[in-house]
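Have a look at the structure below before the remarks.
All values derive from a computational prediction rather than experimental measurement. Just so we're on the same page: letters track the sequence lines, and every chain starts at 1. Computed over heavy atoms, backbone and side chain alike; hydrogens, waters and symmetry mates excluded.
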Amino acid sequence: MGIKGLTKLLADNAPRGMKEQKFESYFGRKIAIDASMSIYQFLIVVGRSGTEMLTNEAGETTSHLVGMFSRTIRLLEAGIKPVYVFDGKPPDLKKQELAKRYSRREDATDDLAKATEIGNKEDIEKFSKRTVKVTPQHNDDCKKLLRLMGVPVVEAPSEAEAQCAALCKAEKVYAVASEDMDSLTFGASRFLRHLMDPSSKKIPVMEFDISQILEELELSMDQFIDLCILCGCDYCDSIRGIGPQTALKLVRQHGSMESILENINKERYQIPDDWPYEEARRLFKEPLVTDDEQTELKWAAPDEEGLINFLVKENGFNIDRVTKAVEKIKTAKTKSSQGRYELLSKNLLMVNDVGKNCHSLNFFKS
DNA sequence: ACTCTGTCTCTAGACGCC
DNA sequence: TGAGACAGAGT
DNA sequence: GGCGTCC
């Protein structure tokens, strides 16, 4: 998934487009997050021991709810306003990639069966994680949870990453938080990695600024998209023998994919038959996203009764934990409700990029 | 020397208690 | 899945 | 920091 080798390419060629930030500096910010990606991680790791997971009385998995609940509280307590974006129907070009993932899961399922037969605990642990799949039920559970928590949910018509980027471009959120580099290819103006990594891991939040990156690479956005397709994306094969370095060189030299295809040595580089680079390009440049100006993202008060019904009664959560969490959400809401502008003007919040970015009112709104 | 490819590896949440 | 380390091959 | 628990 994502764009092959793009992190390193940017680190080497556009270092000024990436900067380390403190987790705390996102106080008051609206941040878009790909929900399915988060759910997937939770299912892999939360409360897992072999094939055993956290479950409710009916035996249904609750790991995704536990993970989503505690992470979201953590974000709210940091004054961050998360927007979770859920996947819709994947574009046809992604079918190949999805088929690959499906077959990998099939392999893992076989490996898991063997390991279970032999009783190899380590292998059971390893392979069971690879069989994880996010189902519509998981998604629905988490939508319900988030709505009860008063956190906005966006249902993307197609790719969640594309919808996140669209929210960012429309300045409805400040940035997209993801581990997936194709957020940049979709045109997110700001992109955060490692936002969720605890400070104990000593990994700082890395903020990517697309306009700075383009400036430094001396590429237009269209050229950047062609660069990403050449490096290798989810939508089509890349050209054998062309990696990040060569891709960057070719785009700089020829300016566009059409020109590259006209000019490169076709003996050395085999272009795949019916290579759908134009379609891939279109999916990055004009992805299917909802774009309703009316939909205002709202962070509402938590529904305590609803949360107790859903989490405690239906899913076996500890009631004290839930009521305490509700208090945390309320406190966090009060604290951050005065907003970023007031805190900045009172000098209660120190950030290092104020002067550079405060030319627009939207800076404070998103 | 540089770049790409394949293969192997590890890794993946959050919290609180000790 | 991704990303780092490494060996090996091609230019 | 290591380790068990969350459901």
Side-chain angles (χ1 to χ4, degrees), chain A residues 1-12 23 33-34 36-49 52-78 97-98 100-105 107-108 122-123 125-134 141-142 145 161 178-182 193-203 206 230-234 237-250 264-265 267-270 310-322 324-325 328:
Chain A
M1 189 185 254
I3 310 298
K4 270 182 222 145
L6 186 59
T7 312
K8 193 172 181 304
L9 188 77
L10 294 183
D12 293 343
F23 181 69
I33 301 167
D34 178 345
S36 307
M37 233 29 227
S38 313
I39 294 170
Y40 177 70
Q41 311 269 30
F42 296 143
L43 290 174
I44 284 174
V45 81
V46 175
R48 176 184 287 273
S49 165
E52 304 289 307
M53 313 270 289
L54 304 180
T55 59
N56 60 20
E57 278 199 352
E60 297 158 331
T61 297
T62 53
S63 293
H64 55 310
L65 292 172
V66 175
M68 186 64 83
F69 192 53
S70 49
R71 172 171 291 180
T72 304
I73 286 163
R74 194 176 141 221
L75 289 170
L76 292 171
E77 282 193 295
E97 175 66 24
L98 295 175
K100 268 190 226 163
R101 289 183 206 174
Y102 180 82
S103 90
R104 266 187 238 124
R105 269 200 305 275
D107 292 349
E122 263 179 36
D123 280 0
E125 193 75 40
K126 185 164 69 178
F127 294 131
S128 71
K129 291 180 179 178
R130 293 189 199 165
T131 64
V132 166
K133 164 116 173 68
V134 178
D141 290 344
C142 287
L145 172 66
E161 289 291 347
S178 173
E179 298 309 311
D180 197 337
M181 291 298 286
D182 51 20
R193 287 189 115 184
H194 314 305
L195 181 70
M196 316 303 181
D197 291 351
S199 49
S200 62
K201 270 207 247 167
K202 298 251 177 183
I203 303 172
M206 188 65 77
L230 281 170
C231 287
C233 66
D234 286 354
D237 292 330
S238 51
I239 300 169
R240 191 178 177 82
I242 295 181
Q245 302 297 324
T246 314
L248 179 59
K249 201 165 60 188
L250 288 172
I264 57 167
N265 181 342
E267 305 295 308
R268 189 190 308 182
Y269 298 114
Q270 291 276 299
F310 183 52
L311 292 180
V312 180
K313 294 199 178 138
E314 290 177 36
N315 286 290
F317 277 52
N318 179 302
I319 188 161
D320 290 340
R321 287 174 80 93
V322 175
K324 274 181 197 152
K328 282 187 191 174

Exercise for the section: Spell out, as yes or no, whether a donor-acceptor pair under 3.5 Å connects the side chain of A/Glu60 to the backbone of A/Thr55. Expected result: no
Problem - First and last nucleotide of DNA chain C, 5' to 3', lying under 4.0 Å from heavy atoms of chain A - result: C/dT1 to C/dT11
Practice task
Could you state the atom-to-atom distance from CD1 of A/Ile44 to C1' of B/dA14 in whole Å?
Solution key: 16 Å
Completion exercise
Scanning both residues in full, the closest heavy-atom pair of A/Tyr269 with A/Arg240 reads CD2-O, 3.6 Å
Exercise for the section: Please state how far atom NZ in A/Lys324 lies from atom P in B/dC15, giving the value in whole angstrom units. Expected result: 14 Å
Problem - Spacing between A/Arg268 atom CZ and B/dT5 atom P, to the nearest angstrom - result: 13 Å
Exercise for the section: Return one dot-bracket line describing DNA chain B 5' to 3' (Watson-Crick or G-U wobble pairs, both distances under 3.5 Å; ( ) same strand, [ ] crossing, | another strand, . none). Expected result: ||||||||||..||||||
Handout entry: Electrostatic pair A/Arg101-A/Asp234, nearest N-O below 4.0 angstrom
Key = yes
Exercise for the section: Starting from P on B/dA12, measure out to CZ on A/Phe42 and report it in whole angstrom. Expected result: 14 Å
Problem - Length of the CG-C1' vector between A/Leu9 and B/dC2, whole Å - result: 15 Å
Handout entry: Pairwise P distance, B/dA12 and D/dG1 [rounded to whole Å]
Key = 16 Å
Problem - Any donor-acceptor N/O pair, A/Thr62 side chain to A/Leu54 backbone, under 3.5 Å - result: yes
Please list each protein N or O that sits under 3.5 Å from an N or O in nucleotides 4-7 of chain D, with the distance.
residue	atom	partner	partner atom	Å
D/dC7	OP1	A/Asn318	N	3.1
D/dC7	O3'	A/Thr62	OG1	3.3
D/dC7	O3'	A/Asn315	O	2.2
D/dC7	O2	A/Thr55	N	2.9
D/dC7	O2	A/Thr55	O	3.3

Practice task
May I ask you to verify if any side-chain N or O of A/Arg240 is less than 4.0 angstrom from the OP1 or OP2 atom of B/dG6?
Solution key: yes
Exercise for the section: State, to 0.1 Å, how close A/Ala325 and A/Phe69 come at their nearest heavy-atom pair, and which atoms those are. Expected result: CB-CZ, 3.5 Å
Exercise for the section: Search all heavy atoms of A/Ser63 against all heavy atoms of A/Val46 and return the closest pair with its distance. Expected result: OG-O, 2.8 Å
Problem - Residues A/Lys8, A/Asp12: salt bridge by 4.0 Å N-O rule - result: yes
Handout entry: Between C1' of B/dC8 and CZ of A/Arg130, the distance in whole Å
Key = 11 Å
Practice task
Round to the nearest Å and state the distance from A/Glu179 atom CD to B/dA12 atom P.
Solution key: 12 Å
Exercise for the section: Send over the distance from A/Ile203 CD1 to B/dG13 P, rounded to a whole Å. Expected result: 10 Å
